[in-house]
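As structure tokens, the structure follows; a few thoughts come after it.
Labels below follow one simple rule: chain letters A, B, ... track the order of the sequence lines, proteins then strands, and each chain is numbered from 1.
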2 protein chains.
Amino acid sequence: MPSVPKTAESADKPSRPTAARKRTGQTDERIHGEIYAAIINHQIRPAMPLQEDALATAFGVSRTIIRKVLQRLAHEKLVDLIPNKGAFVAKPSIEEARQVFEARRGVECILVAKLAATVTDDEIGRLASLLAEEADALARTDRKRRLQLSGDFHLELATLAGNAVMRGFVQELVSRTSLIIALYESPGAVPCSQSEHSDIIDALKRRDGAAAARVMEHHLRHIEAQIELADQPLRVDFSTLFKPVN
Amino acid sequence: MPSVPKTAESADKPSRPTAARKRTGQTDERIHGEIYAAIINHQIRPAMPLQEDALATAFGVSRTIIRKVLQRLAHEKLVDLIPNKGAFVAKPSIEEARQVFEARRGVECILVAKLAATVTDDEIGRLASLLAEEADALARTDRKRRLQLSGDFHLELATLAGNAVMRGFVQELVSRTSLIIALYESPGAVPCSQSEHSDIIDALKRRDGAAAARVMEHHLRHIEAQIELADQPLRVDFSTLFKPVN
DNA sequence: TCGACCCCTTCTGTATACATTCGGTGGGGT
DNA sequence: ACCCCACCGAATGTATACAGAAGGGGTCGA
């Protein structure tokens, strides 16, 4: 993967003098993918500004394309577009985070229950291989890859469930969860899930939809619990933090 | 509401010679709203082309704004954007329609059950007044308004439930349902629901979440059943339709 | 010294000009 | 008569030029 765009990048890399590549259409797709990945992987953190000119020169295109991509990201709730101010990586509030998790519990529990009724051994195998990759990333303490794979696992569940509409919802929710984690996770914690993903697979193997939904609900509450803790720490009370010396 | 844009409108209405109104920002919001309404109200039907130039002149803005609006509508699944071909009002397939209803059952049943736990008499009153308006539209056989109000009812339920994320999902699903109805409803039918909306309110009055969810599920299945019928009629078999004369 | 106002820079918002692609049409060849 | 190819028009895709807003810094005045 070539250079991920940082916010104020060394912009003096012309990259394509307008005649290098045929670049006709589908360029914005690639650029969207790169910025999306950079946000999801926490290479660009919440509230960071996404300046149009900087991105345009970084990717070697005009602001037109960048604006299109930014608007798409805004609709995906990964970017806040503030009129006359610019684009910023979204910074979901605590309340918003709560609602995202509530929505995930609703949607994903339904999906996993539905999936249990139709899942094939083949599909379970695919999920298991994702789980194995996740375990590998855990072993190598590759935090970024693990977060990525954890999201992929949920997304694969949604895909296999066979409802494209709801899969779209899950994709958005998983992305937003990644932002929430970037904002609110306590730095040390999160040896989370992993075994819970395994539990979900077990329930699917037994074709026990109710159990699968129960495990999923527990799993999501678990993730949220690890994060909601950050509710307090974020409100720094300066008067207690910096006590008068007197 | 001023002139709704039709596809190939009388484009010779300059409307604003670039100096009439201050128009700085939030114009696209208005244009989005107008096109959105035109699609939802079936003034523009599925598969109709939305030509950029025609819309631009109709609204007195440049293609830039129109393109922005079209892309937003595309993300909302109301418009299909075909590269190098243009924008068309979305034409959801039968399978897509099925999935939209399945998603609605999932999401809205959860929401209404959640709402039952927190709803106030005031809020029930607001729902009741929407129901009354709907009854009025039914009495006056104002089909368009009735469809609109029916959607509003579901959207209001989602709003009151207090989860903005899921409310967004419902909004998208209700919009798409409107497209589906435009495509697949049998022309004569649909004296549907109405009483079922009333049933939902009754369940909420009793604060009976389980019942409310049950009624909602039944309601949505009912709507879908009236439409899925169109599955057959759409496959016209010419060899039976045009029998040889002899 | 402090505050208010104005200019100036920098960025976003919009319009316009240019490039490219697609489909249709007409002419020529087989 | 049919098919193929090349041109042409129309609409989309992209870049650029221009206008407007917001924030900062500096200067002038009290």
Side-chain angles (χ1 to χ4, degrees), chain A residues 5-9 11-32 35 47-75 79-90, chain B residues 5-9 11-32 34-35 44 47-75 79-90:
Chain A
K6 296 189 181 57
T7 309
E9 196 164 10
D12 51 356
K13 184 183 59 177
S15 180
R16 284 173 211 81
T18 223
R21 197 175 296 176
K22 193 57 171 299
R23 179 171 37 67
T24 173
Q26 99 261 358
T27 317
D28 48 347
E29 194 65 31
R30 184 181 62 85
I31 295 178
H32 172 271
I35 299 183
M48 267 193 178
L50 299 169
Q51 222 179 127
E52 297 177 359
D53 261 325
L55 291 170
T57 57
F59 284 107
V61 297
S62 77
R63 280 176 51 216
T64 308
I65 308 286
I66 299 299
R67 283 178 71 85
K68 193 202 298 192
V69 170
L70 288 177
Q71 271 165 354
R72 178 168 164 198
L73 289 167
H75 203 115
V79 158
D80 284 339
L81 236 43
I82 303 177
N84 290 323
K85 299 269 294 199
F88 303 84
V89 178
Chain B
K6 297 189 180 56
T7 309
E9 195 163 12
D12 51 354
K13 184 184 59 177
S15 182
R16 285 171 210 82
T18 222
R21 198 174 297 176
K22 192 57 173 301
R23 179 173 37 65
T24 171
Q26 99 261 359
T27 317
D28 49 347
E29 193 65 30
R30 183 181 63 86
I31 295 178
H32 172 272
E34 291 203 30
I35 300 182
I44 323 180
M48 268 194 176
L50 299 169
Q51 218 176 59
E52 298 178 359
D53 263 325
L55 290 171
T57 57
F59 285 106
V61 296
S62 77
R63 280 176 51 218
T64 310
I65 308 285
I66 300 298
R67 283 178 71 85
K68 192 203 295 194
V69 169
L70 289 178
Q71 272 165 351
R72 178 168 164 198
L73 289 167
H75 202 114
V79 158
D80 284 339
L81 238 42
I82 303 178
N84 290 323
K85 299 270 297 196
F88 304 83
V89 178

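- Comparing S62(B) and D53(A) along DNA chain C, the residue whose closest nucleotide (by nearest heavy atom) sits nearer the 5' end is D53(A).
- Among the nucleotides dA15(D), dG13(C), dT14(C), the one closest to the side chain of V61(A) is dA15(D).
- A search for side-chain hydrogen bond (donor to acceptor under 3.5 Å, both in side chains) contacts involving Q71(A) returns nothing, not counting sequence neighbours.
- In the set dA11(D), dT16(D), dG13(C), dT16(D) carries the atom at the smallest distance from any side-chain atom of T64(A).
- A56(A) and S62(A) make their closest contact through CB-C, 3.9 Å (heavy atoms, listed as atom of the first residue, atom of the second, distance).
- Each of R63(A) and R67(B) lies near DNA chain D, and the nucleotide nearest R67(B) is the one positioned closer to the 5' end.
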Restricting to nitrogen or oxygen on both sides, can you table the protein-nucleotides 23-25 of chain C pairs closer than 3.5 Å?
unit_1  : atom_1 : unit_2 : atom_2 : d
dG23(C) : OP1    : K85(B) : NZ     : 3.1

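- For I65(B), the side-chain atoms get nearest to dA15(C) when compared with the rest of dA15(C), dC11(C), dT14(D).
- Pairs passing the salt bridge (charged side-chain N to carboxylate O under 4.0 Å, His left out) check and including a residue from residues 48-57 of chain A, sequence neighbours excluded, read E52(A)-R63(A), E52(A)-R67(A).
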Tabulate atom names and distances for all N/O pairs under 3.5 angstrom spanning the protein and nucleotides 5-7 of chain D.
none

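- Atom pair L55(A):CG and dC11(C):P shows a separation of 12 Å (rounding to whole Å applied).
- Here dT21(C) presents its P atom at 17 Å from CD of E52(B), a figure rounded to the nearest Å.
- Residue whose closest nucleotide on DNA chain D sits further toward the 5' end, between P83(A) and P83(B): P83(B).
- Remark: Q51(A) is not in phosphate contact with dT12(C), judged by side-chain N or O atoms under 4.0 Å from OP1 or OP2.
- Rounded to an integer number of Å, the gap from L70(B) CG to dA11(D) C1' is 13 Å.
- When the P atom of dG13(C) is taken as reference, atom CD1 of I82(A) falls 11 Å away, rounded to whole Å.
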